[in-house]
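Scope of the values below: all heavy atoms of this structure, side chains included, with no hydrogens, waters or symmetry mates.
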Amino acid sequence: MAEVILMPRLSDTMTEGVIAAWHKNVGDAVKKGDLLAEIETDKATMELESYQDGILLHIGTPKGGKLQVNDLLAIFGKAGEDISSLVAQHAGGAPAPTPVAAAPAPAPVTEAPAAVSKPVADVANMEEVVLMPRLSDTMTEGVIAGWHKNVGDTVKKGEVLADIETDKATMELESYKDGVLLYQGAKAGEKILVNDLLCIIGKPGLDVDVIVKAVKGSAAQPAATASAAPAAPAATAPAPVVAAATAPTVVNEGRILASPLAKKIADEKGIDLRYVKGTGDNGRITKNDVDGYVPAAAAPAAPAAKAASHVAAAPAGQVSFEDVPVSQMRKTIARRLSESLFTAPHFYLTMSIDMDAAVAARGKINEVAPVKVSFNDMVLKATAMALKQHPKVNSSWLGDTIRFNHHINIGVAVAVEDGLLVPVVRFADTKSLSQIGAEVKEYAQKAKDKKLQPADWEGSTFTISNLGMFGIDQFTAIINPPDSCILAVGGISQVPVVKNGQVVPGNIMKVTLSCDHRSVDGATGAAFLQTLKSLLEEPLRMLV
């Protein structure tokens, strides 16, 4: 049976998309995960992967054409399948663009599958229906981190409707219509596949049941199973909280909005922010809220009780463990890095760099710099300048071709609670140390607050991962596709070095370059590291 694909909402503010390119033509066989098209949104041009197998039978608009969110993008099915009715219904009843004989048309209409395709087409034209958007370029499903609106609430265009946990970040989903929230497709903590029913926004009195049945159609059973599956972890997750025997009432569920300072103070005081009522915008918890929080009588014992529940959950000598559901971000990290390590032939080059001059220069730079410059900022600037001289390292393996990028966009790996994000400093070779420092700090804070948008992490040509601040001297990193290389940066250690025939203390930093041998050879990577070393050992060259 033919399947309709609607234009996904690829950014939190997207209302329409432009087809930058089609990677499949009508009649082509498409597999799940194949690159289907490139879609230009209001923030970036993003690759759209197919999330099903089939033959591409119809495209909604050619290259350069515009489609509104939830307009007909494509139709998949079996070769020779009649899709004229679907095309006509999605075009508002206009005649089908492809000529179809009148006789064969009634045959599929009388069969059971036709009863499913008709409601899907009808629903697609209902402006009250909101489908799960595809908020990242690799997203196939989203988890409801929390609803900002409840059923019965009035919703205005631009208001935050829900927090959606994607494979890369938790993003705020804004409503792009006015009305009343009449239906929610899942509860907090549950999963919804891309293009499945997220919610219904319309006028009071709308027959919601008819729309829900029309959307789910014959897929009602699988949908029920999917919604039931996440319910088990949700039911078991609160168990440790109940065991803690605390009196306070939980006022914050799912994602908790709090200022960084409030989080820090709460952590220092051992306060669980789930019990703190926020007075800021959208219930955001502020410093004053944490300072003024008075726990219930049993609350002070909560941290100890909670710790005890984990330590003494079972009698001594008895095996005990806890299974924690894998987050969307962690799933994607596992998939992408596994693909990278097992597909790209990695090799590693390590070099020691004398950082004495960099240490001295940084102190002088920070005496006059508007933004405090870190050693990581200096490494990033030196890397950008070295890439300018060694374009083969600033490349991507594309199978039949190698793309040598003329621009230098450096991804900076940032550790967050759920995994790893890589925001991108664009055109890094054209920016000063102060500009790089300010941008990296802003990205790091946005990553920790889960405020990064797809445009912030797309388009890197090279990646830097720095674990020096954790006391790591040296490590190897897995390449971040589609980049050809990633630089692993260790900490600066004071060690004995020989200078002018004498043993003196020196500041040494080790870096390891992971290279994709398909696009970068050993000599190429070594030459890049030599240039990087010379720039960091004579940092004044970066200021010229």
Side-chain angles (χ1 to χ4, degrees), residues 11 20 38 40-47 136-137 168-169 358 361-362 365 369-398 401-414 420-447 451-466 477 479-487 489 511 513 515-516 519-520 524-525 527-529 531-532 534-536 539-544:
S11 84
E38 293 178 32
E40 182 182 349
T41 73
D42 54 339
K43 292 187 175 178
T45 298
M46 303 176 69
E47 295 180 343
S136 84
D137 55 335
K168 292 186 175 177
R362 177 174 176 262
I365 290 171
V371 176
K372 188 176 181 180
V373 173
S374 68
F375 288 115
N376 191 65
D377 301 331
M378 298 179 74
V379 171
L380 197 151
K381 175 66 175 177
T383 298
M385 295 180 69
L387 289 172
K388 196 83 172 174
Q389 298 182 43
H390 302 277
K392 289 184 179 179
V393 178
N394 193 43
S395 64
S396 301
W397 175 263
L398 301 180
T401 60
I402 299 175
R403 176 173 293 171
F404 297 106
N405 298 293
H406 300 148
H407 60 288
I408 296 173
N409 291 349
I410 298 182
V412 182
V414 177
L420 194 69
L421 292 173
V422 188
V424 178
V425 178
R426 302 178 190 283
F427 311 108
D429 55 314
T430 66
K431 295 178 178 177
S432 68
L433 283 168
S434 295
Q435 288 173 318
I436 290 172
E439 195 167 329
V440 170
K441 286 179 177 64
E442 181 184 358
Y443 278 144
Q445 189 59 54
K446 287 172 69 176
K451 294 292 185 181
L452 285 176
Q453 301 298 316
D456 296 331
W457 64 62
E458 294 165 353
S460 69
T461 60
F462 187 94
T463 306
I464 293 176
S465 179
N466 190 340
I479 296 168
N480 178 37
D483 303 350
S484 287
C485 298
I486 183 171
L487 185 71
V489 182
V511 297
L513 183 69
C515 303
D516 183 344
S519 50
V520 177
T524 304
F528 164 80
L529 285 180
T531 302
L532 177 67
S534 66
L535 288 167
L536 287 172
L540 287 178
R541 293 174 57 192
M542 293 190 290
L543 306 178
V544 176

From CZ (Phe427) to OG1 (Thr461), nearest 0.5 Å: 9.5 Å
Minimal non-hydrogen separation, Asp483 against Thr463, with atom names: OD2-OG1, 2.7 Å
May I have the step-by-step check of side-chain contact (heavy atoms from CB on, under 4.5 Å) for Asp456 and Leu421, ending in yes or no? CA-CA 10 Å; Asp456 296 331; Leu421 292 173; over 6 Å; no
Write down the atom of Arg426, the atom of Gly459, and the distance for their closest heavy-atom approach. NH1-CA, 4.3 Å
Verify the neighbour count for atom NZ of Lys372: are there more than 12 heavy atoms of other residues, nucleotides or ligands below 6.0 Å? no
Could you give all pairs that pass the side chain to side chain donor-acceptor pair (under 3.5 Å) test and reach residues 401-412, with sequence neighbours left out? none
Report the distance from atom CD1 of Ile410 to atom CG of Leu380, rounding to the nearest 0.5 Å. 4.5 Å
Heavy-atom pair of closest approach, residues Leu532 and Ala386: N-CB, 4.1 Å
Minimum heavy-atom distance between Ala382 and Leu535, given as atom pair plus value: O-CD1, 3.4 Å
Any side-chain heavy atom of Leu433 sitting closer than 4.5 Å to one from Met378? yes
Among all residues two or more places apart in sequence or in another chain, which pass the salt bridge (charged side-chain N to carboxylate O under 4.0 Å, His left out) test with Glu439? Lys431
How long is the gap from SG on Cys485 to CG on Leu529, to the nearest 0.5 Å? 9.0 Å
Can you tell me how the ring of Phe528 sits relative to the ring of His390, calling it parallel under 30°, perpendicular over 60° and tilted otherwise? perpendicular
Backbone N/O of Trp397 and side chain of Ser519: donor-acceptor pair under 3.5 Å: no
Answer yes or no: is there a side-chain heavy-atom contact under 4.5 Å between Tyr443 and Val412? no
If I compare all heavy atoms of Ala444 with all of Val414, which pair ends up nearest, and what's the gap? CA-CG1, 4.3 Å
Going from OG on Ser395 to CZ on Phe462, what distance comes out if it is rounded to the nearest 0.5 angstrom? 10.5 Å
If you look only at pairs with a residue in residues 384-398, which of them pass as a salt bridge (charged side-chain N to carboxylate O under 4.0 Å, His left out), with sequence neighbours excluded? Lys388-Asp429
Interatomic spacing from CD1 in Ile486 to SG in Cys515 - rounded to 0.5 Å: 11.0 Å
Carefully, step by step, assess Asp377 and Val371 under the rule side-chain contact (heavy atoms from CB on, under 4.5 Å). CA-CA 11 Å; Asp377 301 331; Val371 176; over 6 Å; no
In Ile436, Asn466, Leu487, the residue satisfying side chain to side chain contact (heavy atoms under 4.5 Å, CB included) with Val379 is Leu487
Under 3.5 Å, side chain of Thr531 to main-chain N/O of Ala527, donor-acceptor pair present? yes
Could you tell me which non-hydrogen atom of Ala428 sits nearest to which non-hydrogen atom of Lys381, and how far apart they are? O-NZ, 4.3 Å
